[in-house]
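Shown next, in C-alpha coordinates, is the structure this report addresses.
Along the sequence shown, residues are numbered consecutively beginning with 1.
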Amino acid sequence: MASSSLPVAIFSFIFLFSLATANEVTVGGKSGDWKIPPSSSYSFTEWAQKARFKVGDFIVFRYESGKDSVLEVTKEAYNSCNTTNPLANYTDGETKVKLDRSGPFYFISGANGHCEKGQKLSLVVISPRHSAISPAPSPVEFEDGPALAPAPTSGSVRLGGGLWVVLGLVLGLSAWF
(Lines give C-alpha, C1' and ligand atoms only; values in the text may rest on other atoms or scores of the structure.)
Protein backbone atom coordinates (compact mmCIF):
# COMPACT_ATOMS: atom_id res chain seq x y z
CA MET A 1 0.00 0.00 0.00
CA ALA A 2 2.82 2.40 0.83
CA SER A 3 4.37 1.95 -2.62
CA SER A 4 1.13 2.97 -4.39
CA SER A 5 0.91 6.13 -2.28
CA LEU A 6 4.47 7.21 -3.03
CA PRO A 7 3.76 8.59 -6.54
CA VAL A 8 0.79 10.55 -5.15
CA ALA A 9 2.93 11.98 -2.36
CA ILE A 10 5.71 12.96 -4.79
CA PHE A 11 3.25 14.54 -7.23
CA SER A 12 1.55 16.44 -4.38
CA PHE A 13 4.88 17.75 -3.14
CA ILE A 14 6.03 18.90 -6.61
CA PHE A 15 2.68 20.55 -7.40
CA LEU A 16 2.44 22.35 -4.09
CA PHE A 17 6.08 23.40 -4.15
CA SER A 18 5.49 25.06 -7.52
CA LEU A 19 2.92 27.35 -5.86
CA ALA A 20 5.67 28.83 -3.68
CA THR A 21 8.05 29.78 -6.51
CA ALA A 22 8.89 33.28 -7.70
CA ASN A 23 6.63 35.13 -10.14
CA GLU A 24 7.15 37.68 -12.87
CA VAL A 25 4.94 40.76 -12.70
CA THR A 26 4.75 43.12 -15.67
CA VAL A 27 4.53 46.82 -14.81
CA GLY A 28 1.06 48.06 -15.73
CA GLY A 29 -0.50 44.61 -15.97
CA LYS A 30 -0.55 42.07 -18.80
CA SER A 31 -0.57 44.65 -21.59
CA GLY A 32 1.39 47.21 -19.59
CA ASP A 33 4.12 49.43 -20.89
CA TRP A 34 6.71 51.48 -19.04
CA LYS A 35 5.82 54.90 -20.44
CA ILE A 36 4.40 58.25 -19.39
CA PRO A 37 0.99 57.53 -17.85
CA PRO A 38 -2.05 58.31 -20.02
CA SER A 39 -3.42 60.78 -17.46
CA SER A 40 -2.29 62.61 -14.35
CA SER A 41 -4.63 60.44 -12.29
CA TYR A 42 -2.75 57.23 -13.19
CA SER A 43 -0.10 55.99 -10.77
CA PHE A 44 2.21 53.03 -11.30
CA THR A 45 2.70 53.03 -7.52
CA GLU A 46 -1.00 52.63 -6.77
CA TRP A 47 -1.11 49.86 -9.34
CA ALA A 48 1.74 48.11 -7.46
CA GLN A 49 0.03 48.55 -4.08
CA LYS A 50 -2.64 46.08 -5.17
CA ALA A 51 -0.11 43.24 -5.26
CA ARG A 52 2.02 41.37 -2.78
CA PHE A 53 5.58 41.20 -3.99
CA LYS A 54 7.79 38.68 -2.24
CA VAL A 55 11.53 38.19 -2.14
CA GLY A 56 12.55 36.34 -5.31
CA ASP A 57 9.80 37.76 -7.55
CA PHE A 58 10.70 39.66 -10.72
CA ILE A 59 9.28 42.99 -11.88
CA VAL A 60 9.30 43.37 -15.69
CA PHE A 61 9.47 46.73 -17.49
CA ARG A 62 8.63 46.87 -21.23
CA TYR A 63 9.62 49.99 -23.16
CA GLU A 64 11.22 51.15 -26.39
CA SER A 65 14.95 50.50 -26.21
CA GLY A 66 17.00 53.57 -27.05
CA LYS A 67 14.16 55.98 -26.23
CA ASP A 68 13.61 55.18 -22.57
CA SER A 69 15.20 53.34 -19.67
CA VAL A 70 14.57 52.19 -16.12
CA LEU A 71 16.59 53.57 -13.24
CA GLU A 72 16.56 51.97 -9.81
CA VAL A 73 17.06 54.84 -7.39
CA THR A 74 16.98 55.85 -3.73
CA LYS A 75 13.82 57.21 -2.10
CA GLU A 76 15.26 60.74 -2.30
CA ALA A 77 16.02 60.43 -6.03
CA TYR A 78 12.55 58.96 -6.57
CA ASN A 79 10.86 61.89 -4.81
CA SER A 80 12.90 64.50 -6.70
CA CYS A 81 13.09 62.62 -10.04
CA ASN A 82 16.88 62.82 -9.88
CA THR A 83 18.40 60.69 -12.66
CA THR A 84 22.06 61.57 -12.06
CA ASN A 85 23.21 58.80 -9.71
CA PRO A 86 21.03 55.67 -10.06
CA LEU A 87 21.65 52.46 -8.14
CA ALA A 88 21.11 50.60 -11.45
CA ASN A 89 20.47 51.68 -15.05
CA TYR A 90 18.60 49.40 -17.49
CA THR A 91 18.24 50.15 -21.22
CA ASP A 92 17.43 46.85 -22.97
CA GLY A 93 13.70 47.44 -23.65
CA GLU A 94 12.54 44.45 -21.58
CA THR A 95 14.08 44.82 -18.16
CA LYS A 96 13.56 42.09 -15.60
CA VAL A 97 14.61 43.09 -12.07
CA LYS A 98 14.82 40.47 -9.33
CA LEU A 99 13.32 41.70 -6.06
CA ASP A 100 16.08 40.21 -3.94
CA ARG A 101 15.32 41.71 -0.55
CA SER A 102 12.37 42.86 1.51
CA GLY A 103 11.50 46.54 1.79
CA PRO A 104 10.89 49.38 -0.64
CA PHE A 105 12.18 49.57 -4.23
CA TYR A 106 12.13 52.80 -6.26
CA PHE A 107 12.19 53.06 -10.06
CA ILE A 108 12.02 56.09 -12.37
CA SER A 109 12.28 56.63 -16.11
CA GLY A 110 15.69 57.72 -17.33
CA ALA A 111 14.19 59.69 -20.24
CA ASN A 112 14.33 63.45 -19.80
CA GLY A 113 11.13 64.78 -18.15
CA HIS A 114 9.31 61.42 -17.98
CA CYS A 115 9.57 60.98 -14.20
CA GLU A 116 8.12 64.44 -13.64
CA LYS A 117 5.14 63.36 -15.79
CA GLY A 118 4.46 60.35 -13.56
CA GLN A 119 6.64 57.62 -15.04
CA LYS A 120 7.89 56.30 -11.71
CA LEU A 121 7.15 53.34 -9.49
CA SER A 122 7.69 52.49 -5.86
CA LEU A 123 6.79 49.10 -4.47
CA VAL A 124 7.27 47.16 -1.25
CA VAL A 125 8.53 43.60 -1.07
CA ILE A 126 7.23 41.70 1.95
CA SER A 127 9.72 39.89 4.12
CA PRO A 128 9.84 36.09 4.13
CA ARG A 129 8.44 35.99 7.67
CA HIS A 130 5.17 37.68 6.60
CA SER A 131 2.50 35.34 5.32
CA ALA A 132 0.37 36.17 2.32
CA ILE A 133 -2.62 36.29 4.63
CA SER A 134 -1.27 39.28 6.55
CA PRO A 135 -2.40 42.72 5.38
CA ALA A 136 -0.32 44.53 2.80
CA PRO A 137 2.32 46.92 4.08
CA SER A 138 1.12 50.50 4.14
CA PRO A 139 3.94 52.63 2.75
CA VAL A 140 3.53 56.27 3.65
CA GLU A 141 5.44 57.64 0.69
CA PHE A 142 3.10 56.36 -2.04
CA GLU A 143 1.38 58.94 -4.24
CA ASP A 144 -2.34 59.53 -4.41
CA GLY A 145 -4.45 58.90 -7.50
CA PRO A 146 -6.56 56.01 -8.77
CA ALA A 147 -4.94 53.18 -10.68
CA LEU A 148 -6.34 52.61 -14.15
CA ALA A 149 -4.60 49.33 -15.04
CA PRO A 150 -5.52 45.90 -13.77
CA ALA A 151 -3.78 44.93 -10.56
CA PRO A 152 -0.66 42.81 -10.90
CA THR A 153 -0.62 39.33 -9.56
CA SER A 154 2.12 37.84 -7.49
CA GLY A 155 2.53 34.38 -6.07
CA SER A 156 2.15 35.78 -2.61
CA VAL A 157 -1.37 36.94 -3.44
CA ARG A 158 -2.26 33.26 -3.26
CA LEU A 159 -2.81 31.61 0.09
CA GLY A 160 0.79 31.37 1.40
CA GLY A 161 2.77 29.12 -0.91
CA GLY A 162 4.76 27.77 2.02
CA LEU A 163 1.55 26.75 3.74
CA TRP A 164 0.61 24.64 0.70
CA VAL A 165 4.01 22.97 0.67
CA VAL A 166 3.66 22.00 4.34
CA LEU A 167 0.10 20.79 3.77
CA GLY A 168 1.26 18.71 0.78
CA LEU A 169 4.04 17.16 2.82
CA VAL A 170 1.66 16.28 5.66
CA LEU A 171 -0.91 14.79 3.29
CA GLY A 172 1.74 12.95 1.29
CA LEU A 173 3.41 11.52 4.37
CA SER A 174 0.08 10.53 5.93
CA ALA A 175 -0.82 8.63 2.75
CA TRP A 176 2.52 6.87 2.94
CA PHE A 177 1.97 5.51 6.48
Side-chain angles (χ1 to χ4, degrees), residues 21-158 160-161:
T21 59
N23 290 296
E24 290 184 8
V25 180
T26 301
V27 173
K30 289 181 182 178
S31 62
D33 287 321
W34 179 240
K35 62 184 178 184
I36 296 172
S39 73
S40 60
S41 64
Y42 181 85
S43 167
F44 284 113
T45 296
E46 282 201 15
W47 166 84
Q49 284 179 310
K50 293 183 173 116
R52 298 277 173 97
F53 297 97
K54 66 182 189 310
V55 174
D57 283 350
F58 290 87
I59 185 85
V60 180
F61 297 84
R62 291 191 175 102
Y63 52 95
E64 192 172 345
S65 181
K67 293 193 175 184
D68 205 345
S69 63
V70 176
L71 306 179
E72 186 175 348
V73 296
T74 63
K75 179 181 178 181
E76 293 75 24
Y78 172 86
N79 288 334
S80 64
C81 290
N82 184 341
T83 61
T84 59
N85 194 20
L87 302 171
N89 183 355
Y90 305 98
T91 59
D92 62 355
E94 179 139 348
T95 298
K96 186 187 301 186
V97 178
K98 184 173 185 177
L99 303 173
D100 59 357
R101 61 175 170 73
S102 60
F105 282 77
Y106 302 96
F107 301 96
I108 62 174
S109 169
N112 190 25
H114 285 208
C115 178
E116 292 82 357
K117 294 177 182 171
Q119 191 178 349
K120 58 196 230 174
L121 164 69
S122 66
L123 60 90
V124 176
V125 176
I126 59 173
S127 68
R129 70 180 178 272
H130 286 98
S131 78
I133 301 171
S134 67
S138 55
V140 195
E141 67 273 9
F142 286 161
E143 298 176 25
D144 293 330
L148 300 177
T153 57
S154 172
S156 54
V157 171
R158 296 185 210 115

Heavy-atom closest contact ([X] atom, [Y] atom, distance):
{"X": "G118", "Y": "P37", "result": "O-CG, 3.4 Å"}
{"X": "I59", "Y": "L123", "result": "CD1-CD2, 4.1 Å"}
{"X": "S69", "Y": "A111", "result": "OG-N, 4.3 Å"}
{"X": "R52", "Y": "D57", "result": "O-OD2, 4.1 Å"}
{"X": "S122", "Y": "T45", "result": "N-OG1, 3.0 Å"}
{"X": "V73", "Y": "A77", "result": "CB-CB, 3.6 Å"}

Distance in Å, [X] [atom1] paired with [Y] [atom2], rounded so as to fall on 0.5 Å steps:
{"X": "F61", "Y": "D33", "atom1": "CZ", "atom2": "CG", "value": "12.5 Å"}
{"X": "H114", "Y": "K67", "atom1": "NE2", "atom2": "NZ", "value": "10.0 Å"}
{"X": "L87", "Y": "N85", "atom1": "CG", "atom2": "CG", "value": "7.5 Å"}
{"X": "K120", "Y": "S43", "atom1": "NZ", "atom2": "OG", "value": "9.0 Å"}
{"X": "Y63", "Y": "E94", "atom1": "OH", "atom2": "CD", "value": "9.0 Å"}
{"X": "Q119", "Y": "K35", "atom1": "CD", "atom2": "NZ", "value": "10.0 Å"}

Could you give me the CA-CA distance, side-chain angles and deciding distance for V25 and F53, then say whether side chain to side chain contact (heavy atoms under 4.5 Å, CB included) is met?
-> CA-CA 9 Å; V25 180; F53 297 97; 3.9 Å; yes

Do the non-hydrogen side-chain atoms of [X] and [Y] ever get within less than 4.5 Å of each other?
{"X": "V27", "Y": "R62", "result": "no"}
{"X": "Y90", "Y": "K96", "result": "no"}
{"X": "K54", "Y": "N23", "result": "yes"}

Check: S109/D68 side-chain N/O donor and acceptor closer than 3.5 Å = yes

Side chains of N82 and T84: do they bring a donor and an acceptor to under 3.5 Å?
-> yes

Derivation and outcome, side chain to side chain contact (heavy atoms under 4.5 Å, CB included), residues D100 and V55 | CA-CA 5 Å; D100 59 357; V55 174; 5.6 Å; no

Using the ring of each side chain (for Trp, its six-membered ring), is W34 parallel, tilted or perpendicular to F44, with breaks at 30° and 60°?
-> tilted

With under 30° as parallel and over 60° as perpendicular, where do the rings of F107 and F105 fit, or are they tilted in between?
-> parallel

Go through L99 and F58 one step at a time and tell me if the side chain to side chain contact (heavy atoms under 4.5 Å, CB included) criterion holds.
-> CA-CA 6 Å; L99 303 173; F58 290 87; over 6 Å; no

